[in-house]
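Here's the structure, in structure tokens; my notes come after.
Lettering follows sequence order; numbering is per chain, from 1. Just so we're clear, the structure is a prediction, and the values are computed from it rather than from any experiment.
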4 protein chains.
Amino acid sequence: MSSAKLNRRQQFYFMLDKLKVSVFKANLDLVHEGLVIHTWGNASGRDKESGLIVIKPSGVSYKSMKPEDMVVLDPEGKVVEGKFKPSTDAPTHLLLYKTYKSIGGVVHTHSTYATSWAQAGKDIPAFGTTHADHFYGEVPCTRKLTAKEVDSDYEVNTGKVIIERLDKSDPLVVPSVLVNCHGPFSWGFDAEEAVYNAVALEEIARMAFYTVTLGHTEPVDKYLLNKHFRRKHGKDAYYGQKKNK
Amino acid sequence: MSSAKLNRRQQFYFMLDKLKVSVFKANLDLVHEGLVIHTWGNASGRDKESGLIVIKPSGVSYKSMKPEDMVVLDPEGKVVEGKFKPSTDAPTHLLLYKTYKSIGGVVHTHSTYATSWAQAGKDIPAFGTTHADHFYGEVPCTRKLTAKEVDSDYEVNTGKVIIERLDKSDPLVVPSVLVNCHGPFSWGFDAEEAVYNAVALEEIARMAFYTVTLGHTEPVDKYLLNKHFRRKHGKDAYYGQKKNK
Amino acid sequence: MSSAKLNRRQQFYFMLDKLKVSVFKANLDLVHEGLVIHTWGNASGRDKESGLIVIKPSGVSYKSMKPEDMVVLDPEGKVVEGKFKPSTDAPTHLLLYKTYKSIGGVVHTHSTYATSWAQAGKDIPAFGTTHADHFYGEVPCTRKLTAKEVDSDYEVNTGKVIIERLDKSDPLVVPSVLVNCHGPFSWGFDAEEAVYNAVALEEIARMAFYTVTLGHTEPVDKYLLNKHFRRKHGKDAYYGQKKNK
Amino acid sequence: MSSAKLNRRQQFYFMLDKLKVSVFKANLDLVHEGLVIHTWGNASGRDKESGLIVIKPSGVSYKSMKPEDMVVLDPEGKVVEGKFKPSTDAPTHLLLYKTYKSIGGVVHTHSTYATSWAQAGKDIPAFGTTHADHFYGEVPCTRKLTAKEVDSDYEVNTGKVIIERLDKSDPLVVPSVLVNCHGPFSWGFDAEEAVYNAVALEEIARMAFYTVTLGHTEPVDKYLLNKHFRRKHGKDAYYGQKKNK
């Protein structure tokens, strides 16, 4: 039966099932891509029409997790469906979705190299074209949260320092931020693209680590950064099979 | 047949078989998780009721090892059952069990990064939330053993310096210690949790290595350490599906 | 049916199909060898008789790619066959083929260690016999491109700085060059050998990274470099089963 | 048919077939253990009774290699059987066998970390018990070969500097040496044990690299070195299931 024949209510559940599968798959991909061990990560996705958010349950093992275990939240964080508690990081995801209408997927990991840069409290400089293909400028690291910000509404405040650090940047142009002493959050058009960006971030963080260890600290020239970012993004993009992406 | 129908003696062997399988699996998991090559590691578990300890046989290859090869020891180290000699590190395990009633599993590995910190004779500083989620404060490194401590009762003395270094800490709050010039010991509620902690330790040791190589040496703020540890542990924990863990 | 029985036109398509399969396989090998994630690489091959070049399509996922998706170009870059746009790096490949008659395969990757050296803007010194077996002297790194070279005909200019840096070297004696702030290009007698050289390069770049981190910066003695290169290459080669290679 | 029923000539070929399989397997194990890529390694074994040596053919791909491709040499290096040329490193293997009656297997690799130490021209210090369990004291690095030693009889001279560096050490107590600017040779009672030692060496070289990067340079105390080496080796060994090894 094609989805066109479904009534409104059926369509709604059809969409929700698809979103659950996509978020479930994104969570497993974090493990398969080597970005997450134990339960050190979470992925979510948003349905743009209804505004509902689907997120990983808290502390559930990746081995036993099933698509129907995903938790459905309304934009305010109220559990709409699901037998589990949502990821403890849900308030961070929710604030990012509320602030940035363009994003449809968020992932958080403790991937090794990106987390090491976050622990060092340093932006990842744009050292080459690999970086420039994915991030326009350095991958920013937030300031530390204050004791007060940690002690109450910690997860909401984590979202706030990410947004504060992104400032006026387009989140799809800088699709990752490092939270100081914590680790990376990445996002994208949907959950799959958020995972894609988290994978790119980790490899870029790794190369940047080797680059600085080789004694190099100077970022790439602005004109090369622009060239590579624009080869892949925006109206003059000529990478890939579509004119614009 | 449910275990409830077994008589006391049958129940005892039923428990022992289950413990052997669990310790066998923990030993193999050390290999699968990449923490052990050759025979460079060992795992044990304790039955809390009888006090019996099941441990890997010494120098037996992981490829040929079977659950029934596990060695059963009484708390004093006497072999109760098993055709092999126990791991040479058994006296260290035994002393840890005797000292800490709360633990039911101990593992020892020579995992790459944790061992490198041990060889450098350094505590692993708590650099971020990944660390704080698992260890309350630095992962401590013991002092070196003296020539006398090495020359007689070496394995017992290894246990003693671990306990000396833990001092008054709760072993479930600091579930790993590095033995100077040697490598890590980890423990937990049971053998499975001990492996879980050894995996977390190795990843934390790896990130800490990159963090210091990036030139950062300052540990995380105390309030962030507290926040993350308490998110996962103790009466106010709100991570995972149960209120307390 | 043996290819000897085919008419000229049939032979032509037979050759083209074989080249497409070989280039397709080279592109997948870059992934299997761990040199490429996402779509961060491309491989091409040339038919020496017709001069036609087969190259990966731009931005197509490795998972869905098929041999018939490869794009056929004439030496000037005109698409002769194929439904996709060629790799954006095609003009670099084309210039290398035009300049060096001896090469029949070119690959470009962002492999981790080679790219880190490129980001640091440094030649990879010949530190040992592993290096000398494959590269006669350091793996050269180009100068940076100027703003003007980046802003127009970027991919052609990338080829030009590679050629400028190789200077009078035989490209089969120095089968890789690092493009400053970008990454490595490797080549060989055919696409398969180009991949072989890219794999060797990455491992050599990795060892060189560890060597300099250990505090060593002096390249190998010239007489040892000569010895090892000539064991494998040229008229006095005595490595392998053939007298000359 | 049991080997006891074979006549002398049949027994000889029976032994030779077994040795070929064992050497073939040792060569593949070098690849499976991650110590060798491309054809960057070789393993050999010796039959103690006949003195015949079986070694990998030169430059033959690991993918296509079969047990019957192994080359049989007499102690002077004359090919006794086999359709291929032996490994170019055969003269190094032969000199080690001639000099050390106790060894029955030799392997040469360009494994990443051990080769990096060799390229840096540095002994690997004994930093901990992992090292002491396998090597009694530092893993020695040879002096550089002179131009004259490289230009004639290079592979024999490689064997000579290894022996010069081992000096009066028992080769089974120091079962690996790094050849300066080149890479490691390891050996053992048979080819399998030589591979075992090469695997241990690479992991020890890796840990030592991290240890020095953490700023530590002091080797382990002599009494701890002695203790661990003797736990596993010699008449007072108590590791494993046999009293002596």
*Return yes if some donor-acceptor pair links the side-chain N/O of A:K85 with the main-chain N/O of B:G240 below 3.5 Å, else return no.*
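Side chain of A:K85 to backbone of B:G240: a pair is present.
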*For the pair B:K227 (side chain) and A:A147 (backbone), establish whether a donor and an acceptor sit closer than 3.5 Å, ignoring hydrogens and angles.*
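No: the side chain of B:K227 does not pair with the backbone of A:A147.
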Is it the case that atom [atom1] in [X] sees more than 12 heavy atoms from other parts of the structure closer than 6.0 Å?
| X | atom1 | value |
| --- | --- | --- |
| A:E203 | CD | yes |
| A:E218 | CD | no |
| A:E68 | CD | yes |
| A:K83 | NZ | yes |
| B:K101 | NZ | yes |

*What pairs with A:E81 under salt bridge (charged side-chain N to carboxylate O under 4.0 Å, His left out), at least two apart in sequence or on another chain?*
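Result, salt bridge (charged side-chain N to carboxylate O under 4.0 Å, His left out) vs A:E81: A:K20.
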*Ion pair present between B:R231 and A:E155, side-chain N to carboxylate O less than 4.0 angstrom?*
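Salt bridge flag = yes for A:E155 with B:R231.
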*Given a strict heavy-atom distance threshold of 4.5 Å, which part of A:V212 is in contact with chain B: side chain, backbone, both, or neither?*
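Answer is side chain: those atoms of A:V212 sit under 4.5 Å from chain B.
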*Let me know if A:T213 has heavy atoms under 4.5 Å from chain B in its side chain, its backbone, both or neither.*
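Side chain only.
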In Å, rounded to the nearest 0.5 Å, how long is the span from [atom1] of [X] to [atom2] of [Y]?
| X | Y | atom1 | atom2 | value |
| --- | --- | --- | --- | --- |
| A:K144 | B:Y223 | NZ | OH | 7.0 Å |
| A:T112 | B:I204 | OG1 | CD1 | 11.0 Å |
| B:T130 | A:Q119 | OG1 | CD | 5.0 Å |
| B:D133 | A:H110 | CG | NE2 | 6.0 Å |
| B:E33 | A:I37 | CD | CD1 | 7.5 Å |
| A:F209 | B:Y210 | CZ | OH | 6.5 Å |

Would you indicate whether the side-chain heavy atoms of [Y] and [X] approach each other to under 4.5 Å?
| X | Y | value |
| --- | --- | --- |
| B:M207 | A:W117 | no |
| B:H228 | A:H182 | yes |
| B:D221 | A:C181 | no |

*Tell me yes or no: between the side chains of A:S58 and B:Q241, is some donor less than 3.5 Å from an acceptor?*
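No, because no side-chain N or O of A:S58 sits under 3.5 Å from a partner of the opposite role on B:Q241.
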*Cut-off 3.5 Å, side chains only: do A:T39 and B:Y239 have a donor facing an acceptor?*
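On atom types as modelled, these side chains qualify, holding a pair under 3.5 Å.
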*May I have all residue pairs that pass ring-ring contact (aromatic ring centres under 6.0 Å, His included) and include part of residues 119-138 of chain A, sequence neighbours excluded?*
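Only A:F127-A:H216, A:H131-A:F135, A:H134-A:Y196, A:H134-C:W40, A:Y136-A:F229 qualify under ring-ring contact (aromatic ring centres under 6.0 Å, His included).
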*So which of B:T217, B:V199, B:T129 has the biggest tally of heavy-atom pairs under 4.5 Å with chain A?*
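Going by pairs under 4.5 Å, I would pick B:T129.
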*Contact part of B:A132 toward chain A, heavy-atom cut-off under 4.5 Å: side chain, backbone, both or neither?*
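No part of it gets close to chain A.
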*Closest heavy-atom contact between B:T211 and A:A120?*
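Between these two residues, the closest heavy atoms are CG2-N, 4.0 Å.
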*Selection from A:L145, A:T146, A:V60, A:D151 maximising heavy-atom pairs under 4.5 Å formed with chain B*: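 Max contact count across the listed options: A:T146.
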